[in-house]
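So the structure is just underneath, and the comments pick up after that.
Along the sequence shown, residues carry numbers from 1.
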Amino acid sequence: MNADIKTPAWMTDRLKARSRYLWILLFLIASFFFIAVVNICSGSVAISPEEVFEVLFGRVGEETAQYRIIWQIRLPRIFLSALLGGALALSGFLLQTFFRNPIAGPYVLGISSGAKMVVALVMIYFLGRFREVSSSVLILAALFGSLMVTGFILLLSRKLRQMPILLIAGIMVGYICSAVTDFVVTFADDSDIVNLHNWSLGSFSSVGWSNVHTAFWIVSVAFLLTFLLSKPIGAFQMGEAYAQSVGVNIRLLRVAVILLSSILTACVTAFAGPISFVGIAVPFLIKKVLHTAKPIIVIPTLFLGGAVFCMLCDLIARTAFAPTELNVSTVTAVFGAPIVILIMLKKRQEY
């Protein structure tokens, strides 16, 4: 007797999920390289793909203008925007997991604004006395500001049980920190105001390979630690009772999640200033297209998605109104704010 052997439904669903994940990953990788090439070629000085190839493979001398533009200006900016975009997306995912809310991000909760405020104070102090400030000092200042605001939000969470009210409180804290930053920038020396103003609005300009090197190690370590926490985070998503039943130390996991999200936010703020909505929009879109929130799948994908998103926004900021350059946070807000509105409308329909 010949009988048709049918594939079980659960196996078919698993194969479809793996296929979807593979195609999305390949699409993001292809988008990454395509946007990187367009970023290298585009700008106030147009460089053809052939010239880019010759410069990257050492067929053009270091004394040429194309070599200096690509290696000293555009490549560091591309790498930094990719690293910090992935860091923002990862930070947003961790905060959304911790607060169990899809619009809990470093910018909305005021964490980025707290980091910005402390970094601005430190920058003015060091620039006024030493005329320079190291990357490590800026990162430590941003980390202190991030942890300060995060700690305050955690204290409020004990009193404010309703998440919408807690989010509003975070937004108000962010406004207070931004007001203090604006006040400080207003009374800074004229020679420091330009850099402080551009940085305070979010920008990947004026970066070098030393910034990329520092950001790479910080973000890489934070990414690796987050990925190693995939299983505990996945259990935490199922509820605290379930996580405890499978042996997860809830208190230690909470501390790790807050520290990692604060470190990632601090790194972004120290090098590029506060960048809005990436930490909300990218995790939402990635989980939507993957049809899953499983951390071991979502974490690598959303990191790559955040890199692509920020590289694209930086490309638009540089070229849309050239030679005038927009702040990258302006572009991320244009694309990210509608997604936040969509999330809020979806949550309203669920209730």
Side-chain angles (χ1 to χ4, degrees), residues 28 80-116 142-143 145-147 149-150 153 163 166-167 170-171 173-174 177-178 201-204 215 218-219 222-223 226-227 233 237 257-290 293 295 298-314 327-344 347:
L28 289 174
L80 192 67
S81 63
L83 283 170
L84 299 188
L88 277 173
L90 191 58
S91 176
F93 173 76
L94 291 172
L95 290 172
Q96 289 165 19
T97 301
F98 183 86
F99 288 103
R100 301 182 186 278
N101 193 293
I103 61 172
Y107 192 85
V108 171
L109 288 174
I111 298 173
S112 295
S113 298
K116 179 181 77 170
L143 180 60
S146 299
L147 291 174
V149 174
T150 304
I153 296 296
M163 183 55 64
L166 183 62
L167 290 174
I171 293 171
V173 171
C177 294
S178 295
L201 295 176
S203 176
F204 294 120
I218 294 173
V219 174
F223 172 83
T226 303
F227 188 76
I233 291 173
Q237 290 176 335
V257 167
I258 287 298
L259 279 176
L260 287 171
S261 62
S262 297
I263 289 171
L264 290 166
T265 303
C267 185
V268 174
T269 307
F271 290 119
I275 299 176
S276 59
F277 296 107
V278 179
I280 301 175
V282 174
F284 172 77
L285 292 174
I286 293 299
K287 288 185 285 187
K288 192 74 173 176
V289 297
L290 288 175
V298 170
I299 288 173
T301 312
L302 69 85
F303 188 89
L304 185 56
V308 171
F309 184 80
C310 274
M311 288 169 62
L312 176 61
C313 290
D314 188 46
N327 294 296
V328 69
S329 191
T330 302
V331 182
T332 58
V334 169
F335 290 106
I339 296 175
V340 175
I341 296 173
L342 178 64
I343 296 173
M344 295 174 67
K347 295 292 290 184

Test log, rule side chain to side chain contact (heavy atoms under 4.5 Å, CB included), inputs Ile111 and Leu95: CA-CA 11 Å; Ile111 298 173; Leu95 290 172; 3.8 Å; yes
Candidate pair Cys177 and Val173, rule side chain to side chain contact (heavy atoms under 4.5 Å, CB included), full reasoning: CA-CA 6 Å; Cys177 294; Val173 171; 4.2 Å; yes
Leu88 vs Val282, side chain to side chain contact (heavy atoms under 4.5 Å, CB included): CA-CA, chis, key distance, verdict: CA-CA 9 Å; Leu88 277 173; Val282 174; over 6 Å; no
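Shown here are the side-chain hydrogen bond (donor to acceptor under 3.5 Å, both in side chains) partners of Ser329, two or more places apart in sequence or in another chain: Ser276. With sequence neighbours left out, the ring-ring contact (aromatic ring centres under 6.0 Å, His included) criterion links Phe303 to Phe223.
In this structure, Lys288 NZ and Ile339 CD1 are separated by 12.0 Å, a value rounded to the nearest 0.5 Å. Of the inter-residue distances, the one linking Ile275 atom CD1 with Thr330 atom OG1 reads 10.5 Å to the nearest 0.5 angstrom. Rounded to the nearest 0.5 Å, atoms CG (Leu109) and OG (Ser146) are 11.5 Å apart. The distance from the CD1 atom of Ile171 to the OG atom of Ser113 is 10.5 Å, given to the nearest 0.5 Å. Atom OH of Tyr107 sits about 6.5 Å away from atom NZ of Lys116, to the nearest 0.5 Å. Taking OG1 of Thr226 as the reference point, atom CD1 of Ile299 lies at 6.0 Å (rounded to 0.5 Å).
Across every non-hydrogen atom of Pro295 and Pro300, the tightest pair is O-CD, 4.1 Å. Of all the heavy atoms in Ala337 and Phe277, the pair that sits closest is N-CG, 4.0 Å. Among all heavy-atom pairs drawn from Gly110 and Val149, the shortest one is O-CG1, 3.5 Å. Smallest separation of non-hydrogen atoms from Ile280 and Gln96: CA-NE2, 3.6 Å. Shortest non-hydrogen contact noted between Ser112 and Pro274 is CB-CB, 4.1 Å. Taking every heavy atom of both residues into account, Ala272 and Leu84 meet most closely at CB-CD1, 3.8 Å.
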Solution key, residues 261-268 side-chain donor-acceptor pairs under 3.5 Å, sequence neighbours excluded:
unit_1: Ser261; atom_1: OG; unit_2: Val257; atom_2: O; d: 3.1
unit_1: Ser261; atom_1: OG; unit_2: Ile258; atom_2: O; d: 2.9
unit_1: Ser262; atom_1: OG; unit_2: Ile258; atom_2: O; d: 2.8
unit_1: Thr265; atom_1: OG1; unit_2: Ser91; atom_2: OG; d: 2.9
unit_1: Thr265; atom_1: OG1; unit_2: Ser261; atom_2: O; d: 2.8

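Between Lys287 and Pro102 there is no side-chain heavy-atom pair separated by less than 4.5 Å. With a 4.5 Å cut-off on side-chain heavy atoms, Thr332 and Val278 count as touching. Two residues are said to be in side-chain contact when any heavy atoms from C-beta on lie closer than 4.5 Å; Leu147 and Leu259 meet this criterion. Contact check for Leu312 versus Val331: no side-chain heavy atoms found under the 4.5 Å cut-off. Counting heavy atoms from C-beta on, the side chains of Phe93 and Ile286 never come closer than 4.5 Å. Between Pro283 and Val298 the shortest side-chain heavy-atom distance does not fall below 4.5 Å.
Aromatic ring pairs are classed by plane angle as parallel below 30°, tilted from 30° to 60° and perpendicular above 60°; the pair Phe335 and Phe309 is perpendicular.
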